[in-house]
Amino acid sequence: MTEFRICATCGKGQVEPLRKSGRTMVFRNFQQLELPESLPIPTCSNCGDEWYDAETTEAVERALEQAAATVLERIGNDAIRVLAEHETQRDLEDLLDLSRGYLSKVKHSKETPSAALVALLALLAKRPGRIEEVRQLWASKTIGPQLVTTSSNFVQVTPDVGALEVLR
Amino acid sequence: MEPRYSLDEVKAAAAEDRVELGGKHFMDRVVPWLRSPLKVRSFAAGVLEELSPGDFLGQVAYGDVVCDEYGIAISAELQTRFGIGGLVTWYVKLRLERGRGGKTVLMASLHEPERDFDARRVGGPLKIEFELRES
């Protein structure tokens, strides 16, 4: 851990390990993840600047990885629970080319799902009707019509045949 | 004006991972580009490795603490390695401090330049080039 020393930013305060709440950082796909209050980060007693040596950086990375995994598992679990009302777990695994039993492992915190999978599961859970769209996607092997604009009373769709269809 | 700290000693300390990153919003300004503190650390080491005497801008003092300032155009290889093609010019502020395990680089700034690097003593003026390209 960092030795006590004078801060290279302000030249006044002493840099010492500090534990506190409310510290956040951008991490991978997350715009903000909270660091554990118990994690000491060398911090200037005067200006509050934080200093990351090798050991601190690794500890922060590990804490962020854990925080990210917790969020991914929680959202993944919520989505799987919703989707279970619309599709069997086995069919969903087949549809998304997941190995059999993978979603059970996620449910029981034995696997941390990727951010990409969690995003997909969450989007499907928000509109379970899209499960059928995924099925059609694999059947047709094309992405099909693209939703261009939406509002409460207006939807514009561009079919893949080229013409523009406007639905009101 | 000459650098306060020997660049050879800075590079030697960096090569042995004796680097501390900090300063005002240090992580806030770099992590959004690299998305991980470990990558920031690795990138900082890469920048220190590429620093040359010609990149020296000047010194800045905070009380008794003196830092050297550098303006660098990093290599295409370094940009590619970290997926930040187009983020070419970087401002660097550092000092060297003697600690228990030898000299340590205290890197107080590593971010987008706030002005063109007109003051480079040897390397000559350097225009800001800091816009992420689609890969």
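Because the structure is predicted, anything quoted here is derived from the model rather than measured.
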Compare all side-chain heavy atoms of B:P37 with those of A:F27 and state whether any distance is below 4.5 angstrom. yes
Distance from A:E58 atom CD to B:R41 atom CZ, nearest 0.5 Å? 8.0 Å
Is it true that A:I41 and A:L33 fall in one hydrophobic cluster, defined by side-chain heavy atoms closer than 4.5 Å? yes
Let me confirm one number: the CD-CD distance from B:E20 to A:E55, rounded to the nearest 0.5 Å. 10.5 Å
Do B:V30 and B:V88 share a hydrophobic cluster, counting only Ile, Leu, Val, Met, Phe, Trp and Tyr and linking them when any side-chain heavy atoms are less than 4.5 Å apart? no
Would you give the length of the straight line joining atom CD of A:E61 to atom OG of B:S36, rounded to the nearest 0.5 angstrom? 3.5 Å
Quick one: CG on B:D28 to CD on A:E50, what's the gap to the nearest 0.5 Å? 8.5 Å
Grab the two heavy atoms, one from B:R35 and one from A:Q31, that are nearest each other, plus how far apart they are. NH2-NE2, 3.1 Å
Within a strict 4.5 Å, meaning less than it, do heavy atoms of the B:L21 and A:W51 side chains meet? no
Determine whether A:V82 and A:L92 fall in the same hydrophobic cluster, where Ile, Leu, Val, Met, Phe, Trp and Tyr are linked whenever their side-chain heavy atoms lie under 4.5 Å apart. no
To the nearest 0.5 Å, what is the distance between CD1 on A:I6 and CD on B:E97? 8.5 Å
How about CD on A:E133, more than 12 heavy atoms from neighbouring residues, nucleotides or ligands closer than 6.0 Å, or not? yes
For residues B:V65 and A:C7, report the shortest heavy-atom separation together with the two atoms involved. CG2-O, 3.7 Å
Residue B:E131 excluded, over 12 heavy atoms near CD under 6.0 Å: no
With heavy-atom distances below 4.5 Å as the criterion, would you say the side chains of A:Y52 and B:M27 are in contact? yes
Heavy-atom pair count under 4.5 Å with chain A, highest-scoring of B:L38, B:D17, B:V31: B:L38
Are B:W33 and B:I72 connected into the same hydrophobic cluster when the rule is that any two of I, L, V, M, F, W, Y join if their side-chain heavy atoms are below 4.5 Å apart? yes
So if you build clusters from Ile, Leu, Val, Met, Phe, Trp, Tyr with side-chain heavy-atom gaps below 4.5 Å, do A:L121 and A:L123 land together? no
Is it the case that more than 12 heavy atoms not belonging to B:K39 sit under 6.0 Å from its NZ atom? no
Heavy-atom proximity to chain B below 4.5 Å, by part of A:C44: neither
